[in-house]
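A short worksheet on the structure shown next.
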Amino acid sequence: MKKLVTTLVVFAVLLGASYYSYDRQYAVAYTTEDIEQLLEEQLQTNVAVRTSLQTDNKLHVVFEKAGAIGAGEFSKGWNSKYKLEYAGFGTGELQANIVSTNKQQYLLLAGKSLEQIGQIVATIDDEQYEIDIPEQPYYLVLSPIHRTNQSKVNAVMIYGHDGTELDSINLLDK
């Protein structure tokens, strides 16, 4: 009997410690203030979250630091809170990444629409994806893609609302 009680106490302590550890990892609520605070702690600088989008088990954000555009990804835990998976900045006004959730892969396009971007055509493997960009100062779009082993987008072509090509970027060279 004493052995059973000891086993149950040890099990309860381990379960409590595991929950505490998990709860500390997934500690960010889905509020702009909490997200900004965590990003600022991780990046050691002030940031402003401009937009966010939740899909499947992920939360994606676009933020700005001194004029530079960044993107971050958070994973959702079973406690309905988030933990930071990554956050970083690109070299320009556009982030074009392949992201995976618990359900599928997506093309993530994020940035600041300085030239009134209307559409972005992204090439992944040998397939093109045409993505309409919302008319707003900052955008964050996730579009389902076919499963790929690639971690990067090959190239993007950026078009204005009138169909005029604004830019063409080969991302594999960068």
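Positions are given from 1, in the same order as the sequence printed here. In this text, all values refer to a predicted model and were calculated from it rather than measured experimentally.
Residues Glu41 and Leu38 have side chains in contact (heavy-atom distance under 4.5 Å, counting atoms from C-beta outward).
Across Lys58, Lys81, Lys83, a single residue satisfies side chain to side chain donor-acceptor pair (under 3.5 Å) together with Ser75, and that is Lys58.
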Take Lys76 and Gln54 through the side chain to side chain contact (heavy atoms under 4.5 Å, CB included) test and state the conclusion after the steps. CA-CA 10 Å; Lys76 186 176 186 179; Gln54 191 173 8; 3.7 Å; yes
Between Ile120 and Leu94, does a side chain to side chain contact (heavy atoms under 4.5 Å, CB included) hold up when you go through it step by step? CA-CA 10 Å; Ile120 295 177; Leu94 169 69; 3.8 Å; yes
Could you go through Tyr138 and Val49, starting from their C-alpha distance and side-chain angles, then the distance that decides it, and tell me whether this counts as side chain to side chain contact (heavy atoms under 4.5 Å, CB included)? CA-CA 10 Å; Tyr138 299 90; Val49 172; over 6 Å; no
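Hydrophobic clustering (ILVMFWY, side-chain heavy atoms < 4.5 Å, transitive): Ile158 and Ile124 are in one cluster. A continuous path of ILVMFWY side-chain contacts below 4.5 Å connects Ile131 to Ile145, so both sit in one hydrophobic cluster. Cluster annotation: Leu166 and Tyr159 are assigned to distinct hydrophobic clusters (Ile/Leu/Val/Met/Phe/Trp/Tyr, side-chain heavy-atom contacts under 4.5 Å, transitive). One hydrophobic cluster, built from ILVMFWY side chains closer than 4.5 Å, holds both Leu43 and Leu59. Under the 4.5 Å side-chain heavy-atom criterion for ILVMFWY residues, no single connected hydrophobic cluster contains both Val121 and Leu108.
Scanning all heavy atoms of the two residues, the minimum distance from Gln42 to Leu84 falls at CG-CD2, 3.5 Å. Nearest heavy-atom pair across Glu165 and Ser168 is OE2-CB, 3.4 Å. When all heavy atoms are compared, the tightest approach of Val62 to Ile69 is CG1-CG2, 4.0 Å. The two atoms that bring Tyr129 and His146 nearest to each other are OH-N, 3.1 Å, heavy atoms only. In plain terms, the two heavy atoms of Asn46 and Lys65 that are nearest each other are O-CG, 3.6 Å. Nearest heavy-atom pair across Glu36 and Ala48 is OE2-CA, 3.4 Å.
Dense packing is recorded around CD of Gln136, with more than 12 heavy atoms of other residues, nucleotides or ligands lying under 6.0 Å away.
Interatomic distance, His60 NE2 to Leu109 CG, rounded to the nearest 0.5 Å: 12.0 Å. Considering CG of Leu39 and CZ of Phe74, their distance stands at 4.5 Å, rounded to 0.5 Å. Rounding to the nearest 0.5 angstrom, the gap separating the CG atom in Asn57 from the OH atom in Tyr82 is 9.0 Å. With rounding to the nearest 0.5 Å, the separation of OG1 in Thr45 from CD in Glu40 is 7.5 Å. The CD atom of Gln104 lies 7.5 Å from the OG1 atom of Thr55; values are rounded to the nearest 0.5 Å. Interatomic distance, OG1 of Thr51 versus OH of Tyr139, reported as 12.0 Å (0.5 Å rounding).
In this structure, Gln150 contributes its side chain and Asp125 its backbone to a donor-acceptor pair below 3.5 Å. No donor-acceptor pair under 3.5 Å is formed between the side chain of Asn97 and the backbone N or O of Val99. Between the side chain of Asp56 and the backbone N or O of Thr101 there is no donor-acceptor pair closer than 3.5 Å.
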